[in-house]
Amino acid sequence: MSLEHYSIIESTLREGEQFVNAFFTADQKIRIARLLDAFGVEYIELTTPMASPQSARDVETIARLGLHARTLTHVRCNLEDARRAVETGVNGVDVVIGTSSQLREFSHGKSISEIIDLAHEVFAYLKTQNVEMRFSTEDSLRSDPADLFRVYGEVDKIGIDRVGVADTVGIGNPRQIYQLISELRSRVKADIEFHGHNDTGCAIANAYAALEAGATHIDTSVLGIGERNGITSLGGLVARLYATDASLVAKYNLPMLVEIDQTVAELVGVDIPFNNYITGYSAFTHKAGIHAKAVLNNPSTYEVLKPEAFGLTRYIHIASRLTGWNAVRYRAEQLKLNFTDTEIKEITEQIKFLSDERVLTLDEVDTILHNAMRAKNGEPMIESAISKD
Ligand code: HCA
Ligand code: CU
């Protein structure tokens, strides 16, 4: 298991640009690159300079920012693309070509032998250029394993740095990814990268299985944005690794995730999904009385991620019929209101009763608490939002 020595290849500025709503300007790309760099990702992958003149200028600009992260650009397996990639000044070139029968037939029309010949030509050139070299097989999961291992074996003999497995269509499950990467690990010397799409909800689990099987590099994008519904998300991978062992992600500036997710969400015109890993609206909210009681005693009862590690705080939701008196007492203490347990239990019954009638807000619950204290002290009630209805 190479979990301790993995690197993130952050592809928001390549795969992420393939998300339907992504139209990053040069300034926006620089902003994203700097945020990711400050977070501490090891690599930033950029759209091919062949895409458009502006794309080429943007790769050149970001390659010259002097980031800590190494810059990569992503190109097709041909000499012209490889030359143009090197000219941009990036640290590494990620070469990709489809190996499944679907892509060989309907995309580039090349046989496995022709793919191997092209790879020889491209890497013979790149080897003279002092750049990191990666070769990846698009649609690896639907490729014939015999073809895959033949191609990977050939590029490994050339002495490239990294081979990539790409689940381009999101069809793989963790067991299949584990098997494929384990087999590949036993066959090549090169580092192994995994790139997984999320069409069937397995992208994070697959990336994790890849690491367990010996992969050394994982592709991510912020919020998982990419073609269709995207790939392994940066925050999701971090959450998965943190839950295994917080030291695995100690190298990253975790509190920056919130700003990173918010920035990219805004730039592509979406909200952060409510159920997003770490930064989702409800990620650290506890509601049922039984959960709230235990979390108040010890957060690890229902939290495998510590909100404080990400600069966030947990929230105990009390304005519902599922609430419990421990949670209500906690809220009363926050408001500096002292009740006996019997009183708190009565107030809790009142909250439950009202919640059965309609949705309550936290403000309304606070008013109930304040009024209970006033009643206890013989003071007049404050005007209650509840009675207005
Ligand atoms: C794509 C290409 C790719 C490449 C992945 C890689 C994929 O189809 O847009 O270079 O490893 O998913 O296969 O993103
Ligand atoms: Cu992809």
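Just so you know, ligand 1 is whichever comes first in the structure, and atom 1 is the first atom listed for that ligand. It should be emphasised that the depicted structure is a prediction, and the values quoted were computed from it without experimental measurement.
Checked against a 6.0 Å centroid threshold, the rings of Tyr43 and His217 count as neighbours.
Of the options Ile231, Val249, Thr232, a side-chain contact (heavy atoms from CB on, under 4.5 Å) to Leu237 is made by Thr232 and by none of the others.
Within a 6.0 Å radius of NZ in Lys352, more than 12 heavy atoms belonging to other residues, nucleotides or ligands are found.
Comment: Arg228 engages Asp199 in a salt bridge, judged by a side-chain N to carboxylate O separation of less than 4.0 angstrom.
A tilted orientation is assigned to the rings of Tyr152 and Phe149, their planes being inclined by 30° to 60°.
When rounded to 10 degrees, the angle formed at the Cu ion (ligand 2) by NE2 (His195) and NE2 (His197) equals 100°.
In this structure, Asp261 has no salt bridge (charged side-chain N to carboxylate O under 4.0 Å, His left out) partners at least two apart in sequence or on a different chain.
Annotation: ligand 1 has protein neighbours Arg14, Glu15, Gln18, His74, Val96, Arg134, Ser136, Glu138, Ala166, Thr168, His195, His197, each with a heavy atom less than 4.0 angstrom from the ligand.
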Report task. Might you work through the side-chain hydrogen bond (donor to acceptor under 3.5 Å, both in side chains) test for Glu364 and Thr367, ending with a clear yes or no? Result -> CA-CA 5 Å; Glu364 289 171 330; Thr367 303; over 6 Å; no
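In terms of distance to the Cu ion (ligand 2), the nearest N, O or S atom of Glu15 is named OE1.
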